[in-house]
Structure formats: C-alpha cells, structure tokens
Amino acid sequence: MQEAMIKRAKELLADGTVNRVMGWKKGEFVYDTTPAVFETAEELEKEFVCNDFTQANLSKYLIKESRKEGKILAFLKPCDTYSFNQLLKEHRIIRENVYVIGIPGGPKLDMEKIKAKGISGILDVKNENFTLKIETLYGTETMPFYEAVSGKCADCKSKKHVVYDELIGEDGDVLASRRFDMVEKLENMTSQERYDFWRGELSKCIRCNACRNVCPACTCENCVFDNPKSGIDQKAAADSFEENMFHIIRAFHVAGRCTDCGECSRVCPQNIPLHLLNRKFIKDINSLYGEYQAGADTTSKCPLTDYDTDDCEPSIVHERGVE
Amino acid sequence: MQVNENFEPVIVAFCCNWCSYAGADLSGTNRLNYPTNVKIIRVPCSCRVNPIFILRAFQRGADGVIICGCHPGDCHYTSGNYFTRRRITLLYSMLDFLGIERNRTRLEWVSAAEGAKFAAVMNQFTEDVRKLGPNRRLEDLRCRKQ
Amino acid sequence: MFRISAEKLNDLFDRIASKQTLYIPVDREDKAAEYKKYESGMTLSSALNTVRSAKDFFFPQTENLAEFRLSGKTIEVKDIRSEHEDFVIFGVRACDARSFGILDSVFLSEPVDTFYKNRRDHGTIVTMACTRPEETCFCTTFGINPTMPGGDVSVFPDGTGYSFLANTEKGKEFMAEISDMLEEGNPAQLAKVQENTRNILKRLPLANLKTDSFGGERLMKHFSSEKWAELSESCIGCGTCTFVCPTCQCYDIRDFDTGNGIKRFRCWDSCMYSDFTKMAHGNSRNSQLERFRQRFMHKLVYHPSNHEGEFGCVGCGRCLSKCPISMNIVKVMKALEDK
Amino acid sequence: MNNDTLIPLVGVVTDVRQDTPDVKTFRVNALEGGKVFEHKPGQCAMLSIPGVGEAMFSITSSPTNKEYMEFSIKKCGCLTNWLHAMDVGQQITIRGPYGNYFPVETELKGKDLLFIAGGIGLAPLRSVINYVRDNRANYGEVQIVYGSRSKDDLVDYQEIIDEWMADPNIQVNLTIDNPQEGWDGHVGFVPNYVKELAPSTNKTVLVCGPPIMIKFTLAGLKELGFTETQVYTTMELRMKCGVGKCGRCNIGNKYVCKDGPVFRFDELDALPDEY
C-alpha cells in the first residue's frame, strides 16, 4: 500500500497535477507518525509512511493547506473523507486546490492498547496473520491484532469514500456498526450511575484542548472558551463545573456536524471517551429527526439548522421518568 | 428520597419577550400567584437562549431552569421556536445523559394570553425542583453562598 | 541500606498514611497510572510512570492566590494562604525528581513564590529506581541516573522487595519513623538488578541522543534555524505536551467573580496556545511556528543559558507518548543537532 | 508566612487629571497616606481592579516625590476603560515595583542626556526627567524632544510648559505630527525632528514611544553618529506576572519583567528579533 501511494504521489508531483503531498511522516519508532506535507520525490521516498499507526485525520490541515499556492494531494481514509466533505459543506476547504486520493481505512492500531497489556519497551510491531509480533527491549511478545485495534476503528461506521478524485484499492460500504452500544448502555443506567460515570471520566480532564484543536468540526477562528468577552473563557477547569461545561458545550457546538471520526478520543491524553458525548447527539438526532450522517454529502441541511413543524417536544426527555 | 420542605429552590425562567413575558405580566395583573423563587430573564425569542446561558444559570446557583416561548407556529420571528425545540430537546437529553436530574430543566410554550398557564407552570416546576433538592451535580462550588 | 519485602509494602503504606497524607501511583481502569491519595488496600502501580507528572503536588493546575471583596469604592484583600499539611509522595521516578530542581530554579529564585515554597517545604519525596525503562525514555541524555533516583529517600526495587536509602535530613526523619519495619538489605541482589537496568539503558533506542548541540551559546543559531517551519507545520497548538511535562511551569493569573467576591487564581498555561502572549500591546508570537519554537528554545537554550547549563527537560518521555501528532522534543533535537 | 509578591496591596486614587482626550494621570496613595512602596526611575507597577483585570504600568512620578505615585494611563482596553471611569477615592490593588530601572546612579551619572518621547511614551521617561531635575548637579546638559499626534495629545502639557520649559537648565523641543491652529511650534514626526536638531553625539539617549517611532529614531540617531551603547529604551508592554515566572515576556533568554524593561540597544541587538 505504502509503495503504491508513494509511486502515485511521485507521478502526480512529476506531471504537475499537484505541488505538494499531504501524508504521514516516519518517526523515531514504528508508531509515532506525524502528519506532514511533502514537496519532493526524495522526501516522499525517505520519510513518507502509511502503516498500521497512521491514524491521524488529515482533513483539518487542508483548511490551511488549500489556501496556499498550488494544489495539494491528500490521502484520505474513508472516515477522513466524511470530515473533508463536511468541511467542504461549511466552505472551509477550497475543493479545487485539493486532489483527493481515497485509501483504504483501518483497522489501525492504538499503541496505548498494546501498552495496556503490560507490554513495554516496544521497538517494533509486525502483523503476522492477525497476530501482532512485538519486539521489545525485554524480548518478543505476541497479542491478537484485534485487541490492539484503536477505539475509533473498532466502531467503524463506513468503509466507503464519500469524496475522492481517485482511489487506491477498493471502495467499501457503509457498515452496520455497533457504535451506539456504549451510549445505550449508559442510557440504561440510573441517573446517579451516569453521573458517577461521567464525573469519573471528566474529572481526568486536564484541559489541554487537544480534543478541540484536533476536531475537524471545531474550526472557529476564536473559540468561545478562548474569548475573554464571552464571560466563560477558561484556561483550566478550576471547578468540576467547568469540566462539564467545556465538554457539554463543545459536544453541543459540533452536534449535527460531527462525523464521528473519533479523533477526540484518540488524542485525549487521559483516555476520556469523549466520542460518547458526540455519539449521544448523533443517536438522538437519528432517532428524533431521522437518520443523518454528517459529511455523507455536501448539500443536506444540518439537523440543528433545520426543523419540522411536527418535531417532538423536549418533554420526551422528562417522559423517561423521574428518578 | 428525603425531601426538605424548607428548601427554597432558585428557578431561572428565560421568557420570550413576545409571549411568556407578557404572560407573566398577565398572571400578575390577574392576581394569580406564582412562587417568588422564579427569577425571570427576558429574551427576545426563546431561540436566543444559548445552551451556555442554561449552564451558567446552574453554575451561579439556579436549582432549575425553565425556558418559555411562543407556541409552535406563533413565533414573532416566524420560526425561532422551532429551532429552540430541536436545540433544547438535544441539550436536555444530553444533560440527562450526563446524569443531571431530568426535572431540573423544562421547556413550556406560554402565550401572552395564558397568564393562568404561566402561574400553573411555575408552581408545578418549582414544586418539582423543590422535591429534587439543591442542585449539586451541576453547580460551581466557588459560587455557593456561604 | 534497609529493606522491606514486597508483601509488607502495604503495611508500610498504612504506617506512613497514619502519620501524614501519602500519595502513591495507582493504576486506573484504563491501565494508565496516576497519583492517588493512599487509602488502605490500594496497590502500587507497576507502570513506569504516571500520565500527569508529579509537579502537580507543588505546582497544581489551579490554585487560589487571594480573595477580594469589593464594596463601593473600597477593596478588601484577603490573604488565604495557610501552612500546607505534611505529605509524602511515594514512587517518584528519577526524571520527575530532577524536575523539582528545575521548578525550584524558577519558583524559589527571587522573588520567592511562597505558594510553591509552602508545598515544597511540607513535601517528602520518596523516589523509586527504574528497572524497566520504556523505549521513550531518554533521561540519561540529561545526565540523570534512573538507578539512583535521588529525592529525600530513594527506594530500590529488587524483584522481591524494596531497599531504602535516605538522602537528606528530611529523608532521615522519614526513615526513623519506619525503621522498625525494615530489615537488613541485600546489597548483592540489588547490585545485580542495577547492573541489569544499566545494560538495558545502553540498549534504549534514544540512548545516543546528545545535548552537545544545545545550550545558551547556540541561541542565535537555533533561533534562526530554518527547520522550525517543517517541525511546527502539523502542530495543532494544544497544550498536551505542556500539561504532561514535569518541567513546564508557565502560568496565567485570572480572576473569577463568584457573585460574592472575587477569587484570584493561578492556573497552568501553555506557550503553545495562540492567546498565550496576547497582552496590552498585541501578540508577540503570532504564528504557531513562533510558539512552537518558544517551547523548545526555552527547554534547550534559554533555560540552560539562565541556569548554569541545566536543561529544561528531564527525558521522561511523556510528550513522546502523548502528543496527538507525535511531534516532540526528541524529533526537534535530532533535527537541530549539529550533523 | 512571608509576604508574597503576587498578593497585591491596596492603594487609593487621590487625584485624577485628564491630560489628553485619552490619557488620564492618576495619583495613588497608600490607604494610610504616603506612598504604597518606593521605586526607582523606570520601574513599573501592576495595577488591578479585581474581576476586571490586571496590567503593568510604568510609574510616571519621580522617586524623589515622597508623597505619592502617579500613573499616566492611556484608554485602550478593558482595564484602562474601567480606570478612566473611576473617581477620586476609588481603591485599586497594586503590586510592585517590578523590573530594572534607568541607571541614573551609575552609567547615566555625569552624562549629557537626551530624552526622546512620543505620545504616551513620555510616561516612563517623566519619572527619569523629574529625577534628573531634582538631582540636577549630577548630570550634564539635558534636552527633551517630545512629540505627539496633536497639541491636545501632549501628555503633561501643563507641567512641560510650567516647569520644564521654565527651567533654564533644560532644553525642551516639542513637535506635533500635523499643523494645528494655535500651535506655533515645530510640526513633523519625532525621528525627523531629532535629525533636524542634530544633537551632539556625546549625549546619552533615553527613548520611549510607539515601536515604529523607536525604530526610525534609532536609525536617525545612527545616521547622526550615535552608537547603540548610547541609547536606552523601555518595553514594559509585554509583562504579565512581573516576577519572571509566568513565561510570557521573554525575548530570547531575557525576561522583560526581570532583566528589563530598560534595555540598552546593544543588549537588544544580542537577542533574537522577537520584539
């Protein structure tokens, strides 16, 4: 796969279709790949990488990159194409300046899941027939591939590319995923249990803003939490209320626009399952206002900027009963 | 659940200028009683109520938040309250998801002619919140009155 | 040197906790480690390090500085400081132990930060020697010896127990309190463990990283390097690296209106944030390149230049494993070093 | 427990003077009278209204003034708007003094001095000018070049006329950017005026004003034959905590709030171009 991508990128650079390539760059280890822009064939040859750990969603970078001189080639996984499409719809990316090559998605691996197995000092990871062979400082370890699959890939919603100029590999289909299972499980808990669950999770938050800054739906020029005039700007959560506030408002602000790419949970240094908040909104929207997948197209109206005169009343929340 | 009968909840009511705010007025001129716990904040349309407002009300000591707007179809700005309805439904559902007691939040449609309804809604809501006791799950400890 | 067997470790914790507050690293549900206030029955984490560093104990993410009451034209300032209670942090690794020295050089230099000093005076640091370093470790680059972790008391695990060594007066007092629970050490067994660790340290993938190319005298060269553009291009400007870093100490001072007074608090801030240097005159670091450069220049050049060559990094590897886009100080050093 | 510099003291505003349409000068005393603290010429203090904001201002009164401190403040943001709206008797919190100061007792002693200021840039220099006037025997010739957008924007105009210009031992040159009715003095930008005046190159220069003015003035001075070791400036704008710990104001490895705000230009030249 990586070779095919490098080959095609070099061709497109050579024939002048594009002047830059957006992809991932090798790091110190097998897993620390960094999104990067490549300008020459030599750079591609030397540093370009696409492996089991190239998880980062490149779509958000294209906001800035598509405003630069010339055209850029971007390799997008299926989930990334949804983000890309959503950004197109919001007029954040200049489509003419991006050449999209769809590449097959994951499942990608999450190093934290490997480390959570107690495997440390990792030097290399190889996938041999869905068994990971892991070279470490302390000898070779093995573990099943699927136990190391990252959270965002385990709940994959679609292997279909919703936008591309060309494809490398086959296009897939929208999957019948079980991504709402955890949301449902929480919904079935008592209010107190849910409260305890979220307090436990959100109290880990260090307000590093990684979830916000990586989110392809969070593209405000000046975030309300950075704006002193908003009256709610905060640098750190000085009280548990501010932890709740930040995550509720952030999830609400991307509701209807969140494509469920899972980047927020991936980057969280404290492993807070932030995607559950977004999925709750998606699930509610689907069940109350009809199935909707943000980023699936560039024309439909976002459910929160739309309405139906027959919409349900907010009292349906209260009809769930009093506890 | 232990109910403290002496607990006086703080209720924040966001009222649309064109209907429920006038409805509150009407209930007053008709000498209908509604609890003094209710603090009314007038907004140009129920649609003006940003989710941040609701959370801020809880942060600064509200035990319950109610939004009152024009009946669907009657919005002064044609469609504002339809947007409110979607937005607030999702927000309340999210607060519920985070374990905030459902009965601390409410939305009611009250027209300018429904003074009696306004008083009844406020009485009912205040009682519901009184039963829940003070807001502890979504408060800012720094703002708690000593 | 005195020793306690592994089975008795929790008895020791119970003893310490009965006298003062004790914090130990424990495993969370997601297998990441964090410092928790010790309660009977907790198990010491086997993880190499905690996600959040131990700096939190002396320089917490938020802390109140003062309170104000305003009425009419008068302002009343309330000093809310009080003597901090004594506490013990157990299981600090060598890298974090060194970071306290770096924080000291900032907070204890004139004018002394009394909030920090108060905590520092009341904290006893019990360090833990490393036996299983991770691939992300590079503390040896900064002259740290993870088999001799320092602190007030050093603890050396040998597989079946832990040996204790007091390094300071405070450490000796701590040892005196627990001496009856300790038995004679086994230097031979310990030496073997240390030898083993030293061999692993030599094999670490980052073992050859050197600081020779950095320091105050390289200020202009590194500042004007062309590499910064490439290094910073994919930085998303979050504060993850800063907040997990044991030596990052930049802060912001803010006021919060509680409705019945003003609380002035200090909280962590990150030089990676776009509004970090937004002051009365505008913003002196407008691009992510400048902000990114500031962070690494501070650690590798400015800090050594102002503090007798001591670098502002301890090689704990947290930023390596936590950066959302895997850009980190090691990559920066490798890009900038003299070839 | 020792005092902490981050916990402010309370001062009271005892006089407010409208200097220009957007600059007011505030006189601050300690609650029990007298000064809140002593300072050196060129140092700064952190003023704050809790809940509104906290910002660094240069102390514009001279240390030789033993009764009060003064701050000339231009209205430009949240806190300064608030300060401009307050009346006499209002209390404010104050902490400091912060930063280094003009070396009036060492390097500047016995020298001929040339002060160049633009607009509100007079504020930090006024402290030095008045200090020099009160210790006149210690210094040689003193010349002041001060310019502003218009006559109305000249800060401390009354004091300049009444005291500085009346002082035979000081040469004062005023200029405004554009011609104006009722103004018979010089018209033109400060850097150009300095070149026209062609001061003797054995003077030591203290310059403060908008960055663009400083830039062109420095270029002009170099043309006249001045060297960078003769020119001082101050840059208190960037400060936040005042104690060299919060990590904002550094230019290279120098912290403006501890190593500055007063810098000699050759010191600035040794630092990266980040100001």
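A note on names: the letters A, B, ... follow the listed sequences, proteins ahead of strands, and every chain is numbered from 1. Given the structure is predicted, the values throughout are model-derived calculations rather than measurements. Values reported hereafter were calculated over all heavy atoms of this structure, with side chains retained and with hydrogens, waters and symmetry mates removed.
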Next on the checklist: At a 4.5 Å cut-off on heavy atoms, which part of Arg266(C) comes close to chain D: side chain, backbone, both, or neither?
Outcome noted: side chain

Next on the checklist: Ignoring hydrogens and geometry beyond distance, is a side-chain donor-acceptor pair present between Ser53(C) and Asp96(C) at under 3.5 Å?
Outcome noted: no

Checklist entry - With the threshold set at 4.0 Å, does a side-chain nitrogen-carboxylate oxygen contact exist between Arg119(C) and Glu63(C)? => result yes

Item to check | Contacting region of Met220(C) [heavy-atom separation from chain D under 4.5 Å] | outcome: side chain

Checklist entry - So what's closer than 4.5 Å to chain D heavy atoms on Phe115(C): side chain, backbone, both or neither? => result both

Checklist entry - Passes salt bridge (charged side-chain N to carboxylate O under 4.0 Å, His left out), Arg95(D) versus Glu54(D)? Steps please. => result CA-CA 10 Å; Arg95(D) 59 186 175 95; Glu54(D) 193 176 37; 2.8 Å; yes

Checklist entry - Is it the backbone or the side chain of Thr93(D) that comes under 4.5 Å from a heavy atom of chain C, or both, or neither? => result both

Next on the checklist: According to ring pair (Phe, Tyr, Trp, His ring centres under 6.0 Å), who are the partners of His307(C), at least two apart in sequence or on a separate chain?
Outcome noted: His303(C)

Checklist entry - For Phe142(C), does the CZ atom sit with more than 12 other heavy atoms under 6.0 Å from it, leaving out its own atoms? => result yes

Item to check | chain C contact via Val13(D) - side chain, backbone, both or neither, heavy atoms under 4.5 Å | outcome: neither

Next on the checklist: What part of Val112(C) gets within 4.5 angstrom of chain D, counting heavy atoms only: side chain, backbone, both, or neither?
Outcome noted: backbone

Checklist entry - Are the charged groups of Arg27(D) and Glu67(D) less than 4.0 angstrom apart, N to O? => result no

Checklist entry - Non-hydrogen atoms of chain D under 4.5 Å away: do they reach the side chain of Ser109(C), the backbone, both or neither? => result both

Item to check | Region of Leu70(C) in contact with chain D, defined by heavy-atom distances below 4.5 Å | outcome: side chain

Item to check | Pairwise side-chain contact, Ile102(C) with Phe107(C), heavy-atom cut-off 4.5 Å (strictly under) | outcome: no

Next on the checklist: Pairing donors with acceptors under 3.5 angstrom, does anything connect the side chains of Tyr68(D) and Asp15(D)?
Outcome noted: no

Item to check | chain D contact via Phe68(C) - side chain, backbone, both or neither, heavy atoms under 4.5 Å | outcome: side chain

Item to check | Contact origin within Ile75(C) toward chain D - heavy atom pairs under 4.5 Å | outcome: both

Item to check | Heavy-atom proximity to chain D below 4.5 Å, by part of Asp257(C) | outcome: neither

Checklist entry - Between Pro211(D) and chain C, which part of the residue has a heavy atom less than 4.5 Å away: side chain, backbone, both or neither? => result neither

